[in-house]
Participant: 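To start, I am sharing the structure in question, which I have written as structure tokens.
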Amino acid sequence: MVAVIGAKPVIVIGGLDRLVPPRSGCNERGVKPIQECDLRVKTRAGVLTYSEPMRKWVVPASAALGLAGLAALLLARGPRLPPGTARTIARIRAGPVTGVVNGISGYARFDGVRIWYESIPHAGAEKGVVLLNSSLGVGSLFWPPAFLRALAAGGYRVVRYDHRGTGASSWMAGWSRRQPYSLIDMANDAIAVLDELRLDRVHLLGLSLGGFVAQEVAVAYPERVRSLTLMSTSADPTDTSMPGPKAWPLLQSAMAGLRPLRYRLLGGETNLVKEVLAGLVAQGGDEPIDVEEWTRIVLYDLRERNGLNFRALLQHQVAVAVTRSRYPLLGSITAPTLVIHGNADAFLPIEHGHRLAAAIPSAHGLWLEGAGHPFPYPDMPGVIAAITSHLDAADA
């Protein structure tokens, strides 16, 4: 992703950049004054300068290299898509897109912000309610359908909602880095959804950024939380005492992501569906990819919800930057907690998961061999079994 920080474009791989200042000076809401949280690019000593003759060819040469790189990207072959993908996309595109939102949907409101939600019914007798908190910049439609079905089949009503800035929730047109929102605001969005649905206590499940939000809810509203499931997340991803992103695996991931990116550059509904499918193929996994199901999700998101809001990626990064660390507060969490983390996570190394589990008194960890940051993980049946067992134990 390319984010504009100040006047310069900065490439941010994986979502949450680490170009943030040390945590200090929080106000009573746990939010840092924005002037202290301004994301700045650190300059290096010894800036390379060009002589006047060199400048004459640097710009055209750079432009030529850029065009050559773009041409190579557009001509490159992406990951091999499942057989029949083109026919499936064409068939579904030809008619109205249905079958994506099947539960009861509506809007909650907090502080003038509209938050879209869907309540998906359970199978059999209801054991409880699971509130899903999704990752950075991603609408809630992109939770894997098989994962939703597994939770519902286990007897749990599933509520998913779009973070502010994503999906059908408010896209925060007046947002700026000098007037941002925080993770605390996003936690209040989640509470607004529970209030709208008149739900007193729920099981909170958060993935990556959604795990940050789930922790904020558990800290501020412990009476609303029956259990916590925290996946591939941290109590403070900007803590400099913790391992940062692993450069080489991240670079490999970024390079692998360039091939699916060609579909976005080509544009159009068909190519944007192929971009998502190619990303799923590149990610790997044990389960076959349901082309029809994912085609419906992407087309519905494009036609009914305007697709991906790139501004939300930066908004969510800034929300992380302006919110104080949760490490000093985790000892107050009393809800049974399951921390799930892969030992091959290049973006948030597994040490973040270990420290998170150690800091929450009632937590235990599930450490996934060979799993990275992307979701779904390898061996999802085992992961789902561990989550439902955790939910069942909290309800007992």
Side-chain angles (χ1 to χ4, degrees), residues 1-6 9-10 12 14-17 31 34 37-39 97 100-101 103-119 131-143 159-197 206-214 216-217 261 264-265 267-269 272-273 275-276 279 296-323:
M1 182 192 72
V2 178
V4 177
I5 300 178
V10 176
V12 181
L16 297 176
D17 65 273
V31 181
I34 187 60
C37 299
D38 207 14
L39 304 185
V97 180
V100 177
V101 177
I104 298 171
S105 62
Y107 293 92
R109 286 171 173 79
F110 170 72
D111 200 20
V113 177
R114 194 170 73 158
I115 303 297
W116 181 89
Y117 66 82
E118 181 190 14
S119 178
L131 180 69
L132 301 181
N133 299 267
S134 53
S135 55
L136 183 143
V138 180
S140 62
L141 292 187
F142 290 88
W143 282 101
V159 177
R160 57 179 174 176
Y161 72 98
D162 292 330
H163 290 307
R164 54 175 66 195
T166 70
S169 292
S170 296
W171 275 27
M172 311 305 291
W175 181 91
S176 73
R177 287 197 298 120
R178 295 199 173 277
Q179 292 184 317
Y181 52 82
S182 71
L183 294 175
I184 296 170
D185 295 314
M186 297 176 74
N188 282 318
D189 294 341
I191 291 297
V193 171
L194 300 186
D195 290 343
E196 181 69 22
L197 290 170
L207 173 66
S208 193
L209 175 91
F212 308 163
V213 175
E216 295 291 353
V217 173
L261 180 62
R264 178 162 293 274
L265 296 175
E269 286 186 342
L272 292 175
V273 172
E275 178 195 24
V276 171
R296 292 187 182 279
I297 290 170
V298 176
L299 291 178
Y300 185 89
D301 188 56
L302 290 171
R303 294 178 181 182
E304 305 296 332
R305 302 150 68 92
N306 298 318
L308 176 66
N309 180 14
F310 285 98
R311 282 176 55 84
L313 300 172
L314 179 58
Q315 290 174 17
H316 290 176
Q317 291 174 60
V318 175
V320 174
V322 301
T323 308

Participant: If the condition is side-chain hydrogen bond (donor to acceptor under 3.5 Å, both in side chains), which residues does E216 pass it with, not counting sequence neighbours?
Facilitator: R324, R326
Participant: Which pair of non-hydrogen atoms, one from A108 and one from A192, has the smallest distance, and what is that distance?
Facilitator: CB-O, 3.5 Å
Participant: Could you state the interatomic distance from CH2 (W143) to CG (L207), rounded to the nearest 0.5 Å?
Facilitator: 4.5 Å
Participant: Provide the closest heavy-atom pair for R296 versus V97 in the form atom of the first, atom of the second, distance.
Facilitator: O-CG1, 3.3 Å
Participant: Could you tell me whether the side chain of V101 reaches within less than 4.5 Å of the side chain of Y300, counting heavy atoms only?
Facilitator: yes
Participant: Would you check if V318 and W175 make a side-chain contact, meaning some heavy-atom pair closer than 4.5 Å?
Facilitator: yes
Participant: Going from CG on L272 to CG on L308, what distance comes out if it is rounded to the nearest 0.5 angstrom?
Facilitator: 9.5 Å
Participant: Take E269 and V298, measure what side chain to side chain contact (heavy atoms under 4.5 Å, CB included) needs, and give me the verdict at the end.
Facilitator: CA-CA 8 Å; E269 286 186 342; V298 176; over 6 Å; no
Participant: Are side-chain heavy atoms of F212 and T323 found at a separation under 4.5 Å?
Facilitator: no
Participant: Evaluate the side-chain proximity of Y181 to V322: yes if any heavy-atom separation is below 4.5 Å, no if none is.
Facilitator: no
Participant: Got L183 and L209 here, is their nearest side-chain heavy-atom distance under 4.5 Å?
Facilitator: yes
Participant: Can you sort out the partners of D195 under side-chain hydrogen bond (donor to acceptor under 3.5 Å, both in side chains), two or more places apart, ordered by chain and number?
Facilitator: R224
Participant: Using distance only, find each side-chain donor-acceptor pair of residues 131-140 under 3.5 Å and give its atom names and separation, not counting sequence neighbours.
Facilitator:
residue	atom	partner	partner atom	Å
N133	OD1	Y161	OH	2.6
N133	ND2	L131	O	3.3
N133	ND2	L205	O	3.1
S134	OG	V138	O	3.2
S140	OG	D162	OD1	2.7

Participant: Sequence neighbours excluded, which residues qualify as salt bridge (charged side-chain N to carboxylate O under 4.0 Å, His left out) partners of R109?
Facilitator: none
Participant: Restricting to salt bridge (charged side-chain N to carboxylate O under 4.0 Å, His left out), what partner residues turn up for E196, sequence neighbours left out?
Facilitator: none
Participant: Taking side-chain hydrogen bond (donor to acceptor under 3.5 Å, both in side chains) as the definition, give me every residue that meets it alongside E304, ordered by chain and number, with sequence neighbours left out.
Facilitator: none
Participant: Considering only residues two or more places apart or on different chains, which pairs with a residue in residues 163-174 satisfy side-chain hydrogen bond (donor to acceptor under 3.5 Å, both in side chains)?
Facilitator: R164-D189
Participant: List the steps and the verdict of side chain to side chain contact (heavy atoms under 4.5 Å, CB included) for D111 and N188.
Facilitator: CA-CA 9 Å; D111 200 20; N188 282 318; over 6 Å; no
Participant: How long is the span from the CG atom in L302 to the CG atom in L299, to the nearest 0.5 Å?
Facilitator: 6.5 Å
Participant: Not counting sequence neighbours, which residues clear side-chain hydrogen bond (donor to acceptor under 3.5 Å, both in side chains) with R311? List them please.
Facilitator: none
Participant: Can you list the residues that meet the salt bridge (charged side-chain N to carboxylate O under 4.0 Å, His left out) rule with R264, with sequence neighbours excluded?
Facilitator: E275
